[in-house]
Number of protein chains: 2
Amino acid sequence: ILCKNYFEYFNSYNYIHIHEDMIKDEVRTRTYYNAIRRNEHLIKDKIVLDVGCGTGILSFFAAKYGAKHVYSIDKSDIIYTAIKIRDANNLTDKITFIKGLAEEIELPVDKVDIIISEWMGYCLLFENMLDTVLYCRDKWLKKGGLIFPDKAYMYIAGIEDSLYREEKFDCWKNCYGLNFTPILPILKEEVVIDYVDRNFIVTDTSCILDLDLNTCTKDNLSFVSPFKLKMTKKDYLHALVIWFDVSFSACHTPISFTTGPYGAHTHWKQTVLYTTDIITAEKNETLNGLFALKKNKNNSRHIDMKLHYVFNGVHTKAKATQLFNIG
Amino acid sequence: ILCKNYFEYFNSYNYIHIHEDMIKDEVRTRTYYNAIRRNEHLIKDKIVLDVGCGTGILSFFAAKYGAKHVYSIDKSDIIYTAIKIRDANNLTDKITFIKGLAEEIELPVDKVDIIISEWMGYCLLFENMLDTVLYCRDKWLKKGGLIFPDKAYMYIAGIEDSLYREEKFDCWKNCYGLNFTPILPILKEEVVIDYVDRNFIVTDTSCILDLDLNTCTKDNLSFVSPFKLKMTKKDYLHALVIWFDVSFSACHTPISFTTGPYGAHTHWKQTVLYTTDIITAEKNETLNGLFALKKNKNNSRHIDMKLHYVFNGVHTKAKATQLFNIG
């Protein structure tokens with residue numbers, strides 16, 4: 001039995017391992033660091049709110065680069081470690097840590113100038129922590145205030161993945177002499193969270209979500225987007241890969257990072273959706289589709305996805321609607 | 001934010017991914033398969049109980065190799081998939097699936113001849129599912145009945161691990177210009193679950209637990225064991241590695257598997273405990289210690305560990321007591 005409680009541990013966020021992995025995610029942490037230290041003119045003498053501060057690293061960046069005061073909210077016990085780190089760095093009078101849910105706590109100020117947060121989950125919206133950031137924006141961010149980061153984009157592309165697809169699905173026909181194929185319907189609804197080599201991409205890229213955190217609402221986090229993927233070479237199409245980018249558009253020069261196959265590895269990896277059909281495609285043929293994402297009814301922090309596609313090629317004619325969940 | 005709910009998902013055991021990983025753990029599944037198919041003389045016409053059956057794979061093995069009937073218990077929704085697989089393999093009249101907790105359900109028979117179960121967690125006892133197997137043994141296993149597997153052993157050895165140790169602990173002194181060392185005390189209490197290359201082992205091996213499932217009680221699952229590790233070469237000692245083996249001693253010829261660094265990779269990996277001291281050791285010098293393991297008071301499925309060691313070498317004299325948890 002693979003230990004479910006091993007995973008449950010992470011659940012509390014009290015365990016340091018998860019914070020270790022996040023801080024050591026160089027793409028993630030260094031981009032936030034650069035967004036703050038290269039923009040002292042935006043941070044200086046400002047009141048900053050850090051939503052879901054964890055070990056407090058973003059708060060320390062803000063305090064070190066000139067914030068007048070930082071208010072840092074987290075519901076996990078990790079905040080006690082954050083307080084010790086604050087004091088070890090002589091930032092005691094610059095940062096106030098508040099333990100609790102953002103939706104339930106009070107701030108000692110009416111408004112803040114800047115909200116910083118690292119709220120992104122797998123496939124951007126898994127965990128739906130963005131809801132909390134938007135709540136904080138609406139309650140505390142002053143008019144014209146800044147959000148770091150303030151733009152998020154989700155992308156989709158097609159991949160050739162014969163090797164892994166076969167390994168994942170074909171073995172069940174004969175599993176130690178047993179027919180295990182009844183497992184396939186649920187297996188096919190699971191997205192795979194893993195690194196996709198950019199060399200496996202066989203189509204161009206389509207943007208399926210363009211979020212402006214300055215103006216978007218909770219409703220924008222459930223969406224249906226059409227997409228069109230054109231084959232960049234003659235190949236097979238086995239799956240679609242989804243990733244996200246975020247950017248700090250208020251910065252003096254553009255600062256952003258990608259979690260996609262064309263960038264360096266991040267702890268978010270990519271999200272892979274296997275299509276029902278294996279598509280034999282010629283260069284320039286196109287897959288037309290719709291991608292829908294919404295909160296799970298039973299657990300608002302989980303997401304449900306729906307993929308619909310049509311392909312009319314010389315070799316393959318295909319059409320399917322599929323449901324997916326993250327697992 | 002790394003998605004805590006991604007891990008929570010596994011928690012339910014309804015999600016197929018975890019079962020996929022377990023079935024595809026060749027060392028694990030093939031050993032159970034061999035233990036059953038090579039011992040038809042033990043299984044034939046017997047009543048078998050599968051505790052925590054998951055997708056039912058061990059039940060299918062037992063039914064296919066002659067069991068009169070198999071009763072298979074699991075509390076997760078995965079049991080509905082297990083039922084479909086059973087029916088697809090014409091084993092409908094051979095296996096009864098019962099959804100529920102072993103401690104709460106009733107069996108249609110008074111006694112069973114054989115209990116099969118795959119209950120092992122990280123560091124063998126994480127999750128403490130063995131409690132449930134022992135409960136089933138005491139309630140349902142007939143006198144002289146068999147348990148598959150029925151022996152479990154835990155081992156400890158010393159490793160040289162300068163590279164990873166440095167990477168894990170030394171970076172916090174300067175973390176983007178901040179002193180993050182207040183994170184170290186909690187970081188040092190976390191065991192690391194990872195694969196240890198056998199070439200990093202620098203001592204002999206000591207057995208710290210020898211469990212006979214035919215006779216042991218719940219009390220035996222909390223224990224204190226002395227150990228003695230002799231350096232097999234001149235090297236540094238940075239950490240201790242713990243692993244477990246299980247065996248099916250009722251089999252006609254010995255069948256067992258190891259999850260240790262001297263065997264093939266399994267999904268259990270190994271458990272690494274970093275010592276407070278970096279020990280500079282000569283060949284044949286010895287580390288004397290005590291290893292204690294018990295259930296966590298707040299969550300009986302979690303475990304707490306305590307390590308005490310003394311080293312009196314020509315270069316290093318060291319003595320420490322450390323607490324660990326899995327995270």
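Throughout, a chain's letter reflects where its sequence line sits, starting with A, and its residues are numbered from 1.
Here the shortest heavy-atom pairing between I326(A) and M305(A) reads CG1-CE, 3.6 Å. When every heavy atom of I242(A) is checked against every heavy atom of L273(A), the shortest pair comes out as CD1-CD1, 3.9 Å. Between C175(B) and I23(A), the shortest heavy-atom contact is SG-CG2, 3.7 Å.
Of all the listed residues (I85(A), L91(A), D87(A)), the one sharing the greatest number of non-hydrogen pairs under 4.5 Å with chain B is I85(A). The residue among W172(B), Y176(B), F61(B), Y33(B) with the most heavy atom pairs within less than 4.5 Å of chain A is Y176(B).
There is no contact between S117(B) and chain A, counting heavy-atom distances below 4.5 Å. Contacts between R30(A) and chain B at a heavy-atom distance below 4.5 Å involve backbone atoms as well as side-chain atoms. Within the 4.5 angstrom heavy-atom criterion, no atom of T181(A) approaches chain B. Heavy atoms closer than 4.5 Å to chain A are found in both the backbone and the side chain of N179(B).
A parallel orientation is assigned to the rings of F126(B) and H302(B), their planes being inclined by less than 30° (bins at 30° and 60°).
Using a 4.0 Å cut-off between a side-chain N of Lys or Arg and a carboxylate O of Asp or Glu, K297(B) and D304(B) do not qualify as a salt bridge.
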